[in-house]
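Right, one structure below, let's go through it.
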Amino acid sequence: MKRIKIANALNALAPVEDILIKGWVRTKRDAKGFSFLELNDGSGLKNIQAIVDHTPETLALLESIGTGASVAVEGSLSASPGQGQKWEVKARSLTLIGAADQVTYPLQKKRHSDEFLRTIAHLRSRTNKYGAMFRIRSELALAIHDFFQERGFFHIHSPILTGADCEGAGEMFRVTTQDRAKPGTAMDDFFGKDAFLTVSGQLSAEMLALGLGDVYTFGPTFRAENSNTPRHVAEFWMVEPEMAFADLTDDMDLGEALIKSVTSRILDRRADDVELFAKFVDTTLMVGLETIIKEPFARIPYREAIRILQEASRSFEFPTEFGCDLQTEHERYLAEEHFKKPVIVFDYPKEVKAFYMRLNDDNETVAAMDVLVPRIGEIIGGSQREERLEVLERRIQELSLSQEAYWWYLDTRRFGTVPHAGFGLGFERVLMMLTGVTNIRDVIPFPRAPKSLDF
RNA sequence: UCCCCGGUAGCUCAAUCGGCAGAGCGGUUGGCUGUUAACCAAUAGGUUCGGUGUUCGAGUCACCGCCGGGGAGCCA
């Protein structure tokens with residue numbers, strides 16, 4: 001008989017005479033003459049309850065079946081006389097697939113701390129919370145692809161290995177095939193030059209956008225920064241759309257639409273999983289998500305943000321003068337206290353932003369924009385790109401960067417340049433936003449961070 | 001990397017002034033029961049993160065290190 005997934009079995013409209021389910025035992029309760037087995041196969045949050053009548057054979061089997069064991073149950077899907085579930089499986093046969101020793105199996109039938117579960121990341125997807133998390137994670141990835149496909153964006157694969165530290169986004173991991181114990185130069189290495197893991201797919205995305213029109217990348221990104229915070233990991237996933245013939249307003253419109261779209265999609269498709277987080281992780285989650293969907297995001301120029309901060313009734317540790325980058329405390333004040341909803345800050349001083357961002361007519365600011373979300377902070381960072389060859393060359397010079405290294409980048413401004421814009425969206429930070437989980441290490445199955453490379 | 005807090009049973013935590021190392025949950029055993037993180041009873045379970053030191057005596061005090069959490073920086 002073909003196995004049916006538990007999520008589908010629980011959705012049945014009528015009783016089913018013959019059904020086969022397989023899953024892991026979440027809990028076993030013994031009654032007089034029979035036992036209850038609650039099974040979960042990961043297909044959904046809800047367990048299915050199986051009723052196993054005691055016979056000499058099943059009693060022997062049930063001895064070695066406890067929390068964590070994997071089993072197969074064949075029987076009939078029947079209306080449950082008990083409270084709490086519509087359907088249950090009346091077992092005709094029970095098979096033990098893999099036992100779990102009750103003394104050493106680390107997952108108990110009770111709540112565990114996130115810190116402990118992180119030490120058993122290989123097993124935590126068997127808990128309600130992490131099962132829900134990784135189902136939401138999967139749905140979010142699909143939601144992002146659908147959002148862009150519906151708008152005619154092409155999904156491109158930007159390289160993960162990159163040749164030089166010219167991506168301008170922080171410390172990089174070096175990739176080498178050389179033996180640490182033997183001396184050798186970069187010339188002798190695999191690529192004949194230094195190689196690194198990418199910190200951004202943006203430059204590639206720009207090149208492709210200036211040929212395909214609208215594109216996006218969605219891939220792993222690596223930062224070798226020694227960041228020890230609940231918001232940073234060394235390996236994370238980033239979504240980077242890039243649009244030709246677009247300006248900063250188009251960019252902000254796209255970012256806002258994307259966040260709104262994926263939020264409603266998750267609430268629609270993974271409602272029960274999100275509900276778990278709303279119930280046990282952050283009781284204000286639903287209100288916040290409704291606000292994100294319904295309310296237009298606030299949009300203010302950087303100068304206005306500075307003015308708001310200066311007029312704030314509270315004081316800040318860091319200065320709030322024109323030219324200062326916005327600190328975490330400033331971003332949180334704007335999103336959480338002042339606007340109480342997502343806010344897009346744009347037109348930043350050129351000094352605090354990257355060389356490729358388009359210089360505004362005031363010669364002081366660039367067409368950059370950050371989307372700040374309550375509780376999370378920066379979730380999107382983007383800009384209109386500098387499309388004017390002379391201005392771009394001057395900016396590269398001002399920042400003492402190498403013209404030669406960017407020859408191909410500059411070529412696109414040399415031949416048929418067009419205004420274009422894009423941004424980077426932190427995939428894990430969206431998951432934190434959607435679930436209320438406050439540590440980024442708990443939204444990715446196997447987090448990589450300084451001094452942490454297990455599993 | 002900097003600042004603050006923590007590390008005690010499988011898990012979550014307690015232990016007064018430096019004086020016999022405990023509880024709840026989980027496990028095991030037995031009982032009860034169409035049960036819902038079932039219930040009742042009994043029971044086992046310890047290198048108090050590691051090292052060095054102070055002391056008659058250290059879970060407790062000092063120093064060094066490791067690990068975890070929170071805040072900051074860097075950033076998505």
Side-chain angles (χ1 to χ4, degrees), chain A residues 26-38 46-53 63 66-68 78-85 88 90 100-120 127-128 167-172 199-202 219-240 255 280 316-318 325-332 352-354 370-373 376-382 423-433 438-444 449-452 454:
Chain A
R26 285 295 177 79
T27 174
K28 176 180 74 168
R29 290 183 292 271
D30 296 319
K32 191 167 188 69
F34 60 95
S35 292
F36 298 99
L37 287 183
E38 271 200 42
K46 289 196 181 66
N47 304 326
I48 200 162
Q49 175 169 284
I51 313 297
V52 182
D53 286 329
E63 284 276 300
T67 304
S78 325
S80 175
Q83 298 295 308
Q85 63 279 318
E88 64 185 17
K90 285 212 173 307
D101 177 29
Q102 294 305 287
V103 178
T104 51
Y105 184 62
L107 286 173
Q108 302 172 358
K109 293 185 285 190
K110 63 164 202 168
R111 200 181 168 282
H112 283 295
S113 68
D114 292 325
E115 290 78 21
F116 172 66
L117 290 172
R118 219 174 287 149
T119 69
I120 50 166
T127 66
N128 289 338
E167 296 185 357
E171 297 294 310
M172 305 178 86
V199 292
S200 164
Q202 182 200 315
T221 307
F222 307 88
R223 300 283 166 86
E225 266 129 25
N226 192 13
S227 297
N228 292 288
T229 84
R231 296 179 303 281
H232 295 88
V233 277
E235 177 183 296
F236 61 99
W237 286 65
M238 192 152 63
V239 179
E240 294 177 290
F280 297 114
F316 297 101
E317 191 188 338
F318 290 89
D325 202 359
L326 296 184
Q327 303 294 321
T328 299
E329 58 172 349
H330 303 141
E331 295 178 348
R332 295 191 63 153
V352 302
K353 290 295 183 184
D370 286 353
V371 179
L372 312 176
V373 174
I376 311 298
E378 184 181 340
I379 203 166
I380 282 178
F423 61 77
L425 170 83
F427 184 71
E428 279 77 13
R429 288 193 179 169
V430 179
L431 274 168
M432 294 169 77
M433 181 191 86
T438 52
N439 194 315
I440 196 169
R441 299 179 193 202
D442 296 331
V443 303
I444 186 164
K451 300 286 184 293
S452 176
D454 295 322

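Labels below follow one simple rule: chain letters A, B, ... track the order of the sequence lines, proteins then strands, and each chain is numbered from 1.
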| remark: The side-chain hydrogen bond (donor to acceptor under 3.5 Å, both in side chains) partners of A:D101 (sequence neighbours excluded) come to A:T104

If pairing requires Watson-Crick or G-U wobble contacts with both distances under 3.5 Å, which nucleotide is the partner of [N]?
N	value
B:U33	none
B:U55	none
B:G68	B:C5

Whole-Å [atom1] distance, [N] and [M]:
N	M	atom1	answer
B:A58	B:A15	C1'	14 Å
B:U29	B:A44	P	15 Å
B:G57	B:G6	C1'	26 Å
B:A21	B:C2	C1'	37 Å
B:A37	B:G26	C1'	11 Å
B:G73	B:U60	C1'	35 Å
B:G30	B:A23	C1'	23 Å
B:G10	B:U48	P	12 Å

Between atom [atom1] in [X] and atom [atom2] in [N], what is the gap in whole Å?
X	N	atom1	atom2	answer
A:E171	B:U1	CD	P	13 Å
A:H112	B:C11	NE2	P	9 Å
A:F423	B:C75	CZ	P	20 Å
A:L117	B:G68	CG	P	15 Å
A:E63	B:U28	CD	P	10 Å
A:K32	B:G31	NZ	P	10 Å
A:Q102	B:G26	CD	P	12 Å
A:D114	B:C11	CG	C1'	14 Å

| field | Closest-nucleotide 5' rank along RNA chain B - winner of A:G381 and A:K90 | value |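 The residue whose closest nucleotide sits nearer the 5' end is A:K90.
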
| Between A:V233 and A:S452, which is nearer to the 5' end of RNA chain B once each is assigned its nearest nucleotide? |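 Checking each residue's closest nucleotide, the 5'-ward one belongs to A:S452.
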
Close side-chain approach of [X] to [Y], heavy-atom, < 4.5 Å:
X	Y	result
A:L37	A:K28	yes
A:L107	A:I120	yes
A:P450	A:N226	yes

| query | Do any N or O atoms from the side chain of A:E428 and from the backbone of A:V443 form a donor-acceptor pair under 3.5 angstrom? | reply |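 Flag not set: sc A:E428 to bb A:V443 has no pair under 3.5 Å.
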
| Backbone N/O of A:Q83 and side chain of A:Q85: donor-acceptor pair under 3.5 Å | yes

| message | Could you walk me through whether A:I440 and A:R231 satisfy the side chain to side chain contact (heavy atoms under 4.5 Å, CB included) test, starting with their C-alpha distance in whole Å, then the side-chain angles of each, then the deciding distance to 0.1 Å, before giving a yes or no? | response | CA-CA 5 Å; A:I440 196 169; A:R231 296 179 303 281; 5.5 Å; no

I'd like to check the ring pair (Phe, Tyr, Trp, His ring centres under 6.0 Å) partners of [X]; sequence neighbours left out, ordered by chain and number.
X	answer
A:F236	none
A:F116	A:H112
A:F423	none

Could you go over nucleotides 35-44 of chain B and give all protein N or O partners under 3.5 Å, atom names and distances?
residue	atom	partner	partner atom	Å
B:U35	O2'	A:R29	NE	3.2
B:U35	O2	A:R29	NE	2.8
B:U35	O2	A:R29	NH2	2.9
B:U35	N3	A:Q49	OE1	2.9
B:U35	N3	A:Q49	NE2	3.1
B:U35	O4	A:Q49	NE2	2.7
B:U35	O4	A:Q85	NE2	3.1
B:U36	O2	A:Q85	OE1	3.2
B:U36	N3	A:Q83	O	2.7
B:U36	N3	A:Q85	OE1	3.2
B:U36	N3	A:Q85	NE2	3.4
B:U36	O4	A:Q83	N	2.7
B:U36	O4	A:Q83	O	2.5
B:U36	O4	A:Q85	NE2	3.4
B:A37	N1	A:R111	N	2.9
B:A37	N3	A:K109	O	2.6
B:A38	OP1	A:T27	OG1	3.3
B:A38	OP1	A:K109	NZ	3.3
B:A38	OP2	A:T27	OG1	3.1
B:A38	OP2	A:R29	NH1	2.6

Each nucleotide N or O in nucleotides 71-73 of chain B that has a protein N or O under 3.5 Å away: list the pair and distance.
residue	atom	partner	partner atom	Å
B:A72	N6	A:N228	O	3.3
B:G73	OP1	A:Q327	OE1	2.6
B:G73	OP2	A:T328	OG1	2.9
B:G73	N2	A:N226	O	3.2

| request: Kindly give the heavy-atom pair with the smallest separation between A:E225 and A:E171, and that separation in Å. | output: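 The pair with the smallest heavy-atom distance is OE2-N, 3.2 Å.
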
| task | Answer with base, sugar-phosphate or nothing: what part of the nucleic acid does A:L425 contact at a heavy-atom distance below 4.0 Å? | result |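 If one applies the 4.0 Å heavy-atom cut-off, A:L425 turns out to touch nothing in the nucleic acid.
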
| message | Regarding A:F236, tell me which of base, sugar-phosphate or nothing describes its non-hydrogen contacts under 4.0 Å with the strands shown. | response | base

| query | Looking at B:C75, B:C67, B:G34, which one has an atom nearest to any side-chain atom of A:F34? | reply |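 Within the option list, the nearest is B:G34.
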
